[in-house]
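So you know, we letter chains A, B, ... as the sequences are listed, proteins then strands, and number each from 1. The figures that follow rest on heavy atoms only: side chains count, while hydrogens, waters and symmetry mates do not.
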Protein chains: 2
Amino acid sequence: MRTHELNSTTGGSRSRQKSQSVTLDVVARLAGVAPATVSRAINQPEKVAKKTLDRVNQAIASTGYVPNLLAGGLASNRSHLVAAIVPSIINLVYVETIQAFSNKLRDSGYQVLLGESGYGQETEETLVATVLSRRPDAIFLTGIQHSLNCRRQLLAAGIPVVETWDLTPSPLDLVVGFSHDRVGETVAEFLFQRGFERFGIVSADDPRAMVRNKAYVNALKGRGVNDVPVGIVEAVSSLQRGRQGLANLLDQGFGPGAVFCSSDTLAQGVVTEAQSRGLRVPEDIAVIGFGDQNFAAHIFPALTTVKIDRAAIGQKSAQALLARLNDEPVAESVIDVGFDIVARETA
Amino acid sequence: MRTHELNSTTGGSRSRQKSQSVTLDVVARLAGVAPATVSRAINQPEKVAKKTLDRVNQAIASTGYVPNLLAGGLASNRSHLVAAIVPSIINLVYVETIQAFSNKLRDSGYQVLLGESGYGQETEETLVATVLSRRPDAIFLTGIQHSLNCRRQLLAAGIPVVETWDLTPSPLDLVVGFSHDRVGETVAEFLFQRGFERFGIVSADDPRAMVRNKAYVNALKGRGVNDVPVGIVEAVSSLQRGRQGLANLLDQGFGPGAVFCSSDTLAQGVVTEAQSRGLRVPEDIAVIGFGDQNFAAHIFPALTTVKIDRAAIGQKSAQALLARLNDEPVAESVIDVGFDIVARETA
DNA sequence: ATGAAAGCGCTAACAA
DNA sequence: TTGTTAGCGCTTTCAT
């Protein structure tokens, strides 16, 4: 028996509280109905006579009854929990997607269980197992690369799955994202059109960024640009790492030219480093970021970047999952949210 | 019966999967032992003979068994879930605390259920109820202000509670944080010592920031400074709002002087706005932030700020909660993590 | 519209 | 060390 003593509101006396002893049965007895009726009153009030409903609600209020969703989930085989796995919770970019996802699901009575996988497949696999033990009704994944074991577990769980932030013709179930290949190409094209002659990269070593970088380099190669110096930094972007990245590039003799960054944060670091060295942006160093985060439009000079509708990824993921959960037909299992280049002052 | 079809690894065939039908009993039968033994093998392996353990583990591996924690939690009255409620999940400052909290708890087999309350007591109350229905073993709260109903619910739940990011002599149960009053005073003192003569504030309208502001203004008053213009912006800090905040102050005729910001993000906005107007930092506008976020040391000029050990709040909260959960004596129920002023270039 | 009864998958005494 | 027996608190047919 676990009980704990909490200070009362007055901060004074300490008395033993029986832990959560108000159950459905207690409410039922108090309302003079069967437990099943209380259950219905809570979950399908339209199936209960108004008079009964009132009595039940009053009993609930007077007891302060809080349903036990562990029991409910076990009995109904629906946990009303949706798991979401992101590489990093301190990366705003993913959190904004999760926020939209979460809000949309909340409206339908689901709660989101958030997990942080880091940028490796192994930790993802472990996390998926952990999270599946809570029997979520559906699961949100970041990226489309998962270990074989992870795929198996997901398959065995028999729940709707949405993979996000990328695209593939053959998703596990559903996929909502955009093409990183096309981003890389489009950025190359954009910078080329702007008349830059030297091109560099400052990128985190995350897999999706690498895809963009590769496409960028290839597109440039197609334009006759063969030397594209790269400054790779560790996976969690920060302003500091952006500064290091540019310093690195400059050390490699990178002259006047444009730098494609794998995130706006890194881009901001590049701008900062340039400024602190007295280099002009964009004349000496032009910069294009990725993400169009909130600050992008407001730093000085304003950041040119690739705009990703992060909230849309969350919303559409929720929407698709909800359709699955309601056994509605899903119009399309591959949803492309696209991207745009927002030309501001840095490139 | 909810079953869903997922593409198999090969992306080809679509076959119905029975949803998670591997239970403890199946594993037990396969291993030729009683269900209880499998349970022990998983939860207290030291109480099981090595030979038996091996057989069980093999059965688990070959079936891909994933325990059902809803059932486990119901039976044992321990969900191995700890709820954490923060005002905003897109505010890095709180998320960093949660990350440390989460990591520490993971080591002891707990998973964190994260909830976002916004900056109001009502939504917090609703969220607490929602979250308690999952029967968490403990709960992490941000701030010390909660509605009466919320306090009641928490009390009734009978679980350990830690309030954070603030201090009070009479916590609900445990509190880990620092004194916002003292921050305000200390900042005033610091700026005064540096020889500034005019003082302003750019602040979000969140309650804890307001406490700091008030203490700052009072301390200044004690020094004979009576006019402290304030630029208040909406609760979610952003670079843009920082810029607006300074613009606002400047419109009020704020001359050369120092500005105390309620977050580093706002401070960065203030610096940016100053720069974009050709004002010198710190000569014309000096700035002190709050938080010492990762970027603070690396923006240009480097930000002077109040350093809060956010990870320590998370760790110590986890530690204290863990002690409660293990029925160990808790040395102190009020834990002050303190703060420091980091003098860099902006003030 | 409501009630009775069975059981979801697991853990926790207690026996053996 | 292992097995047996009861539930945990709910939802869900199936009756009524």
Using whole Å, report how far [atom1] of [X] lies from [atom2] of [N].
X	N	atom1	atom2	value
A:Arg134	C:dG9	CZ	P	17 Å
B:Ile42	C:dA12	CD1	P	13 Å
B:Glu46	D:dT1	CD	P	10 Å
A:Tyr65	D:dG9	OH	P	10 Å
A:Arg55	C:dA1	CZ	P	15 Å
A:Leu70	D:dC10	CG	P	10 Å
A:Asn77	D:dG9	CG	C1'	16 Å
A:Leu24	C:dG3	CG	C1'	14 Å

Applying salt bridge (charged side-chain N to carboxylate O under 4.0 Å, His left out), name anything that partners [X], two or more places apart in sequence or on another chain.
X	answer
B:Arg134	none
B:Glu125	none
A:Lys50	A:Asp54
A:Asp25	none

- request: Any ring pair (Phe, Tyr, Trp, His ring centres under 6.0 Å) involving residues 123-146 of chain B? Give me the pairs, sequence neighbours left out, ordered by first then second residue.
  value: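 For residues 123-146 of chain B, and leaving out neighbouring residues, the ring pair (Phe, Tyr, Trp, His ring centres under 6.0 Å) pairs sorted by first residue read B:Phe101-B:Phe140.
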query: D:dC10 phosphate, OP1 or OP2: any side-chain N/O from A:Ser39 under 4.0 angstrom?
result: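 Answer no for this pair, as no side-chain N or O of A:Ser39 is under 4.0 Å from OP1 or OP2.
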- prompt: For D:dC8, does either OP1 or OP2 sit under 4.0 Å from a side-chain N or O belonging to A:Asn68?
  reply: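 So the side-chain polar atoms of A:Asn68 never come under 4.0 Å of the phosphate oxygens OP1 or OP2 of D:dC8.
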Give me, pair by pair, the N or O atoms of the protein and of nucleotides 2-4 of chain D that are less than 3.5 Å apart, along with how far apart they are.
from  : atom 1 : to      : atom 2 : distance (Å)
D:dT2 : OP1    : B:Thr52 : OG1    : 2.2
D:dT2 : OP2    : B:Ala49 : N      : 2.8
D:dT2 : OP2    : B:Thr52 : OG1    : 3.4
D:dG3 : OP2    : B:Ala34 : N      : 2.8
D:dG3 : OP2    : B:Thr37 : OG1    : 2.6
D:dG3 : N7     : B:Arg40 : NH2    : 3.2
D:dG3 : O6     : B:Arg40 : NH2    : 2.6

Between N or O atoms, less than 3.5 Å apart, protein on one side and nucleotides 6-8 of chain C on the other: list the pairs.
from  : atom 1 : to      : atom 2 : distance (Å)
C:dC8 : O2     : A:Ala75 : N      : 3.3

field: salt bridge (Lys or Arg N to Asp or Glu O under 4.0 Å): pairs with one or both residues in residues 37-48 of chain A, sequence neighbours excluded
entry: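 Matches after skipping sequence neighbours: none remain.
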task: Provide the full list of side-chain hydrogen bond (donor to acceptor under 3.5 Å, both in side chains) pairs with a residue in residues 109-121 of chain B, sequence neighbours left out, each pair given once.
output: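 Passing the test, one end in residues 109-121 of chain B: A:Gln99-B:Glu116, B:Arg78-B:Tyr110.
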- prompt: Of the non-hydrogen atoms in B:Ala138 and B:Leu321, which two are nearest, and what is the gap between them?
  reply: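 Reported closest heavy-atom pair: CB-CG, 3.8 Å.
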